[in-house]
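Contents: one structure, followed by commentary.
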Amino acid sequence: MSSSSSSSLPSTKLPVKPIPGDYGPHFFGPIRDRLAYFYNEGRDKFFANRIQKYQSTVFKTNMPPGPPIASCSYVICLPDAISFSVLFDASKVEKRDVLDGTFLPSLAYTGGHRVCAYLDPSEPKHTSLKSFFLSTLAARHHKLIPFFQIDLSELFNELEAQISTKKEAYFNTLSDTMSFNYVFRLFCNKNPSETKIGSQGPKLVDKWLLFQLAPLGSLGLSPKILGYFEDILLRTFSFPFFLVKSDYKKLYDVFYEFGSSVLDEAQNEFGIERDEACHNLIFLAGFNAYGGMKVRFPGLIKWVALAGQTLHQRLADEIRAVIKAEGGVTLSALNKMVLAKSVVYEYLRIDPPVPFQYGKAKVDLVVESHDVAFEIKKGEMIFGYQPFATKDPKIFVNPEEFVADRFVGEEGEKLLKYVYWSNERETEDSTADNKACAGKNLVVLLCRVLLVELFLRYDTFQVEAGTFMFAPSVTFKSLTKASSST
């Protein structure tokens, strides 16, 4: 380590260099960078251009939304697989109030509570809330697959009907409805159509999510002048909660009424006040679960569709053979579908549903990339750009290519430790002591069930894919019914 380095810092065998980059002038530097990020360069080019400019995968920059919404937009960016992993180390990095990066939406959106997602594992309440989530999911393990199969069947029926009449079907809307219905029934044991929110659940949650996350998004408007107008609209002031207050109250009322058994457990087993438990349940169900599915299911369909008919045939053959041998869609059967498992991991690698991870350095620390080390000071914000970390060319061969069987076999399985989509390595479990997604295993399971049910029913399909705000946009153009059945 260089002689200027603090003796209290851990040693490294790599050369220690200053972190390149700059934040620019106060106020104007952050605005310069966010205009480049959203409109002048675009997200991926924004990071790629700086890696090229500084000849470094670790550098200083600003991240949106910047002023006046965020008082400080300074981050140290880690877009490679090695440096990124420091964000999983709870002894070095604090995750307090950094879910959305450099700003925190009004707590009015969560009933005045700092919900579990905003807590650092060192905070006592994190342990009780995360334990409550894990317990709630574990208690419903027997419902996870059957409930999802019911909702998938309804989705496929509607897809077929729309393609028959309209010659196409917009998957995202149907997927959102399926996802909300599944999540609500899982936690509340009730079809939302039988409650006072009826079929409005997805719209209520979408609006609640949008108003919190709007400063981080863009419609990708063109020409640039329209983008600059959008920037002023979305990033001058945070959207006030009162605009969605009545919508959120409807969600709160139905979760409070029909999620009573879950709230009983939170109160009696984990000592969580009922009101706080309900707001956390809404966040778990609406932001984490439904919000995640809103991105993950269209994303998976997009990548599998683009991979083409050869992969479709391979998946159909594997899935149908295993289901025939096992006698049904069981956990045992799913675990034997090595190609289907690999396809899900490859999707989560090439297009991680949550592209950003943030944390503040708890101590002065040294972060190593592949061949250089850097000192980060206590209190500095660390930002990991996940799509580059999980497409690190020094880890993955042909990283920009969707390789369906990348994770098949012993060598393929060794790469799973570099799949970071869940705020943790894929090889690590979610516990009350870390920030890994509580539904980490559930996400992988449901993605695999989606593939299974899709290829039990169809031989192949075609879609038109795009992007809208935070999610892939998928329109089905054709579905070819299965030529053989199990």
Query raised in the report: Are the side chain of Asp392 and the backbone N or O of Ala81 linked by a donor-acceptor pair below 3.5 Å?
Result: yes
Report task. Please examine the side chains of Phe476 and Ile301, heavy atoms only from C-beta on, and report whether any two atoms are closer than 4.5 Å. Result -> yes
Query raised in the report: With a 4.5 Å heavy-atom cut-off, do Asn423 and Lys95 have their side chains touching?
Result: yes
Report task. Answer yes or no: are there more than 12 heavy-atom neighbours, outside His141 itself, under 6.0 Å from its atom NE2? Result -> no
Report summary line: For Asp44 and Phe388, the nearest pair of non-hydrogen atoms, with its separation, is O-CZ, 3.4 Å
Query - Considering all heavy atoms, the nearest Phe103-Pro65 contact - result: CD2-CD, 3.7 Å
**Report entry** Evaluation steps, side-chain contact (heavy atoms from CB on, under 4.5 Å), between Tyr345 and Leu415
**Finding:** CA-CA 10 Å; Tyr345 289 136; Leu415 293 172; over 6 Å; no
**Report entry** Note, Lys53 side chain near Phe59 side chain (heavy atom, < 4.5 Å)
**Finding:** no
Requested in this report: Examine distances only and state if a side-chain atom of Asn434 and a backbone atom of Asp429 form a donor-acceptor pair shorter than 3.5 Å.
Outcome: yes
Report task. Rounded to the nearest 0.5 Å, what's the gap from CD on Glu375 to CD1 on Ile76? Could you check? Result -> 10.5 Å
Requested in this report: Using modelled atom types only, decide if a donor and an acceptor are shared between the side chain of Lys362 and the backbone of Ala90 within a distance under 3.5 Å.
Outcome: yes
Query raised in the report: Which pair of heavy atoms, one from Lys394 and one from Asp371, lies closest together, and at what distance?
Result: NZ-OD2, 3.6 Å
Query raised in the report: Looking at Leu209 and Gly286, what are the two nearest heavy atoms and their distance?
Result: CD1-O, 4.1 Å
Query raised in the report: Looking only at heavy atoms, which two atoms of Thr127 and Ala432 are closest? And how far apart?
Result: O-CB, 4.0 Å
Report task. Would you mind checking if Asp206 and Lys294 are paired as a salt bridge, meaning a charged N to carboxylate O distance below 4.0 Å? Result -> yes
Query raised in the report: Counting N and O atoms only, with roles assigned by atom type, does the side chain of Arg50 sit under 3.5 Å from a partner on the main chain of Phe46, one being a donor and the other an acceptor?
Result: yes
Report task. Let me see the working for Asp275 and Tyr252 under side chain to side chain donor-acceptor pair (under 3.5 Å), right down to the final yes or no. Result -> CA-CA 9 Å; Asp275 175 70; Tyr252 181 89; 2.6 Å; yes
Query raised in the report: Between the side chain of Lys92 and the main-chain N/O of Val367, is any donor-acceptor distance below 3.5 Å?
Result: no
Requested in this report: Apply side-chain contact (heavy atoms from CB on, under 4.5 Å) to Phe407 and Val338, showing your working.
Outcome: CA-CA 8 Å; Phe407 299 102; Val338 294; over 6 Å; no
Report task. Dump the intermediate steps for side chain to side chain donor-acceptor pair (under 3.5 Å) on Glu41 and Asn49, then the final yes or no. Result -> CA-CA 9 Å; Glu41 298 176 47; Asn49 289 346; 2.8 Å; yes
Requested in this report: Starting at CD1 of Ile197, measure out to CG of Leu251 and round the result to the nearest 0.5 Å.
Outcome: 6.0 Å
Report summary line: dist Glu413:CD -> Lys341:NZ (nearest 0.5 Å) comes out at 6.5 Å
Query raised in the report: Residues in side-chain contact (heavy atoms from CB on, under 4.5 Å) with Ala139, at least two apart?
Result: none
**Report entry** Flag if over 12 foreign heavy atoms under 6.0 Å of CD1, Ile225
**Finding:** no
Query raised in the report: Does the side chain to side chain donor-acceptor pair (under 3.5 Å) test come out yes or no for Gln386 and Trp421, once each step is laid out?
Result: CA-CA 7 Å; Gln386 203 152 265; Trp421 71 273; over 6 Å; no
Query raised in the report: Between the side chain of Arg140 and the main-chain N/O of Leu186, is any donor-acceptor distance below 3.5 Å?
Result: yes
**Report entry** Side-chain heavy-atom pair Pro387, Asp351 within 4.5 angstrom cut-off
**Finding:** no
**Report entry** Pairwise side-chain contact, Phe241 with Leu107, heavy-atom cut-off 4.5 Å (strictly under)
**Finding:** no
Query raised in the report: Distance-only, no hydrogens or angles: does the Ser83 side chain make a donor-acceptor pair with backbone N or O of Ser369 under 3.5 Å?
Result: no
Query raised in the report: Donor-acceptor pair, Ser135 side chain versus Ser131 backbone, under 3.5 Å?
Result: no
Query raised in the report: Are more than 12 heavy atoms from other residues, nucleotides or ligands located less than 6.0 Å from atom CD of Gln52?
Result: no
For residues 24-33, tabulate all N or O donor-acceptor pairs below 3.5 Å that involve a side-chain atom, not counting sequence neighbours.
from  : atom 1 : to    : atom 2 : distance (Å)
Asp33 : OD2    : Thr61 : OG1    : 3.4
Asp33 : OD2    : Asn62 : N      : 3.3
Asp33 : OD2    : Asn62 : ND2    : 2.7

Report task. For side-chain contact (heavy atoms from CB on, under 4.5 Å), just list the numbers for Arg114 and Arg96, CA-CA rounded to whole Å, side-chain angles, deciding distance to a tenth of an Å, and then say yes or no. Result -> CA-CA 10 Å; Arg114 290 177 61 237; Arg96 180 186 178 95; 3.2 Å; yes
Report task. Give the ring-plane orientation class for His279 versus His113, where under 30° counts as parallel, over 60° as perpendicular and anything between as tilted. Result -> tilted
Query raised in the report: From Leu442 CG over to Asn288 CG, what is the distance, rounded to the nearest 0.5 angstrom?
Result: 11.5 Å
Query raised in the report: Does the side chain of Ser122 come under 3.5 Å of the side chain of Asp120 through a donor N or O and an acceptor N or O?
Result: yes
Query raised in the report: Parallel, tilted or perpendicular: which describes the rings of Phe180 and Tyr290, with under 30° parallel and over 60° perpendicular?
Result: perpendicular
Report task. Indicate whether the side chain of Asp97 and that of Tyr358 have a donor and an acceptor atom separated by less than 3.5 Å. Result -> no
**Report entry** Ring-ring centroid check Phe148 Phe297, cutoff 6.0 Å
**Finding:** yes
Report summary line: To the nearest 0.5 Å, atom CD of Glu401 lies from atom NZ of Lys391 at 12.5 Å
Report task. Just do the side-chain contact (heavy atoms from CB on, under 4.5 Å) check on Leu446 and Arg296 with the steps written out, would you? Result -> CA-CA 10 Å; Leu446 296 183; Arg296 292 183 191 109; over 6 Å; no
Query raised in the report: So, Asn280 side chain and Val115 main chain: donor-acceptor pair closer than 3.5 Å or not?
Result: no
Query raised in the report: In terms of ring plane angle, is the pair Phe184 and Phe255 parallel, tilted or perpendicular, where the classes change at 30° and 60°?
Result: perpendicular
Report summary line: Correct closest heavy-atom pair for Gly359 and Leu87 would be N-CD2, 3.8 Å
Requested in this report: Can you establish whether the number of heavy atoms outside Lys440 located under 6.0 Å from its atom NZ is more than 12?
Outcome: yes
Requested in this report: Report yes if some heavy atom in the side chain of Ser430 is under 4.5 Å from a heavy atom in the side chain of Leu134; otherwise report no.
Outcome: yes
Query raised in the report: At what distance, to the nearest 0.5 angstrom, does CD of Gln212 lie from CG of Leu104?
Result: 9.5 Å
**Report entry** Side-chain donor or acceptor of His126 paired with backbone N/O of Asp433 under 3.5 Å
**Finding:** no
**Report entry** Arg235 charged N/C atom sitting above Phe38 aromatic ring, 6.0 Å / 45°
**Finding:** yes
Query raised in the report: Are Arg274 and Tyr256 in a cation-pi setup, meaning NZ or CZ lies under 6.0 angstrom from the ring centre and within 45 degrees of the ring axis?
Result: yes
Report task. Would you please classify the geometry between the Phe88 ring and the Tyr420 ring as parallel, tilted or perpendicular, with 30° and 60° separating the classes? Result -> perpendicular
Requested in this report: Answer whether the closest heavy-atom distance between the side chains of Asn335 and Arg448 falls below 4.5 Å.
Outcome: yes
Query raised in the report: Mind checking whether Phe383 and Phe47 have ring centres under 6.0 Å apart?
Result: yes
Query - Residue pair Ile382 / Glu380, side-chain heavy-atom distance below 4.5 Å - result: no
